[in-house]
Amino acid sequence: MKDQYGRAITYLRLSVTELCNLRCRYCMPAGGICKLSHDQLLSEEEMLQAVRTAAQLGITKVRITGGEPLTKPNILSICRGVAQTPGIEDTALTTNGTRLPELAVPLREAGIRRLNISLDTLNADRYASMTRLGRLEDALRGIEAALDAGFERVKINTVLIGGFNEDEVPALADLTRRWPVDVRFIELMPMPGNTEFGPESYIPVDRVLEQLPEAEAEAEDGVARLYRLPGAQGHVGLISPLSREFCGTCNRIRLTADGRLKPCLHSADEISIKGLDAAGMLERMREAILAKPRCHGELSAVSRSQSVRAMNQIGG
Ligand code: SAM
Ligand code: SF4
């Protein structure tokens with residue numbers, strides 16, 4: 001289905017949980033979040049009904065996210081259900097990777113074709129400090145497990161943060177030589193809750209190119225501008241929600257774990273589908289697609305996202 005600005009909406013981001021085994025400083029408060037009760041959350045059947053409804057409206061691609069989707073006890077059954085939905089051609093998942101050593105093979109078998117794994121640093125102390133609870137070695141073992149499990153594509157997502165990992169750009173980009181992966185640098189977004197980051201943290205991804213003079217430009221891929229280092233197996237990607245927004249080609253809607261459709265990541269608008277039958281969901285999903293704004297307002301350290309939710313509650 002097209003929205004009122006003519007954009008075909010073909011991509012659903014399905015958040016299956018707000019919970020996470022890490023507490024990344026830009027995403028979640030230190031103490032975690034108030035756990036929603038069972039009946040506030042979408043059931044597995046409601047999630048799958050929402051995916052069937054989305055497919056009826058022309059959605060062909062679903063990305064499962066969270067919170068950390070691999071902390072959800074029934075994650076394999078959800079993945080299987082999404083991947084088997086008629087009309088859904090591509091099922092992908094975003095994860096911090098720490099549970100992939102056990103789950104990579106079962107996820108592949110459940111029908112997940114592509115994985116995005118988040119990794120902001122190759123320094124163990126920095127990893128522990130930014131994630132508050134995580135160990136770098138678990139994330140690296142997770143990436144290796146994903147590569148061994150035979151996913152069609154594995155991408156590494158790195159949030160570029162001034163004063164934190166800017167000096168690691170060459171080492172992180174070099175992972176595209178070590179492994180058949182894309183490494184995509186993403187600008188830090190000023191979401192509610194991550195106010196500990198000052199203006200110096202918000203740096204444009206074009207700074208990445210200053211540190212990679214040998215990178216050659218290649219085509220664009222959705223929201224990412226792609227480059228390749230000599231001898232690399234994968235691309236270096238730049239995703240710039242702040243410095244060059246890509247709203248004109250936005251093709252997605254989001255569904256939160258408590259059943260709110262978000263027409264735009266950075267808007268406060270939400271439309272609930274919790275408790276509705278198939279016909280009710282169809283009507284609300286149409287409404288959500290038509291409610292997509294042309295663009296979100298300016299984003300910067302001082303002009304923050306209008307979303308009332310932190311990233312773990314939306315599904316990044
Ligand atoms: N837990 C999974 C993970 O970390 O990949 C999936 C959910 S997480 C919210 C999805 C992505 O959002 C991660 O790559 C994370 O780095 C990114 N993210 C979270 N908060 C962000 C922010 N304020 N700005 C930019 N990216 C952010
Ligand atoms: Fe958890 Fe992912 Fe948010 Fe980090 S970015 S706290 S891993 S949901």
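Counting starts at 1 for both ligands and their atoms, in listed order.
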* Does Y127 reach the side chain of L119, with side-chain heavy atoms less than 4.5 Å apart? -> yes
* Asked: What are the two closest non-hydrogen atoms of P86 and A55, and how far apart are they?
  -> O-CB, 3.5 Å
* Can you list every salt bridge (charged side-chain N to carboxylate O under 4.0 Å, His left out) pair that touches residues 274-284, not counting sequence neighbours? -> E46-K274
* Should you measure from each heavy atom of L188, which atoms of ligand 1 turn up under 4.0 Å away? -> 23 (N), 24 (N)
* Asked: Looking only at atom types and distance, does a side-chain atom of K292 sit under 3.5 Å from a main-chain N or O of P263, one as donor and one as acceptor?
  -> yes
* Asked: Is it true that G67 lies under 4.0 Å from ligand 2, counting heavy atoms only?
  -> yes
* To do: Using a 4.0 Å heavy-atom threshold (strictly under), name the region of M191 that reaches ligand 1: side chain, backbone, both or neither.
  => side chain
* Y11: which of R252, R254, R63 passes side-chain hydrogen bond (donor to acceptor under 3.5 Å, both in side chains) -> R63
* N/O of N194 under 3.5 Å from N/O of ligand 1, yes or no? -> yes
* Asked: Can you tell which part of I117 has a heavy atom less than 4.0 Å from ligand 1: side chain, backbone, both or neither?
  -> neither
* **Heavy-atom closest pair, residues A224 and R184** => CB-NH1, 4.3 Å
* Atom indices of ligand 1 within 4.0 angstrom of V159 heavy atoms, with elements -> 16 (O), 26 (N)
* **Heavy-atom nearest option to atom 17 (C) of ligand 1, drawn from M311, R184, R25** => M311
* N/O of T95 under 3.5 Å from N/O of ligand 1, yes or no? -> yes
* **Region of T65 that comes within reach of ligand 1 [heavy atoms, distance under 4.0 Å]** => side chain
* Consider every N or O of Y26 and every N or O of ligand 1, then say whether any pair is closer than 3.5 Å. => yes
* Of N96, T71, D138, which is the lone residue that meets side-chain hydrogen bond (donor to acceptor under 3.5 Å, both in side chains) with N21? -> N96
* Asked: Okay, side chain of S201, backbone of G198: is any donor-acceptor separation there less than 3.5 Å?
  -> yes
* Quick check: does S118 get an N/O under 3.5 Å from an N/O on ligand 1? -> yes
* **Proximal protein heteroatoms (N, O or S) of atom 4 (Fe) of ligand 2, under 2.8 Å** => C24 SG
* What distance separates C247 SG from R294 CZ, expressed to the nearest 0.5 Å? -> 8.0 Å
* Asked: Which ligand 1 atoms, with their elements, are less than 4.0 angstrom from a heavy-atom of E187?
  -> 25 (C)
* **Mutual orientation of the aromatic rings belonging to F197 and Y26 [parallel < 30°, tilted 30-60°, perpendicular > 60°]** => tilted
* Asked: Where the side chain of D258 meets the backbone of L41, is there a donor-acceptor pair that is under 3.5 Å apart?
  -> no
* Checking side-chain contact (heavy atoms from CB on, under 4.5 Å) for the pair M1/I9: CA distance, chi angles, key distance, verdict? -> CA-CA 6 Å; M1 175 179 163; I9 307 306; 5.7 Å; no
* Residue G67 vicinity, atoms of ligand 1 by number, heavy atom under 4.0 Å -> 1 (N), 2 (C), 6 (C), 7 (C)
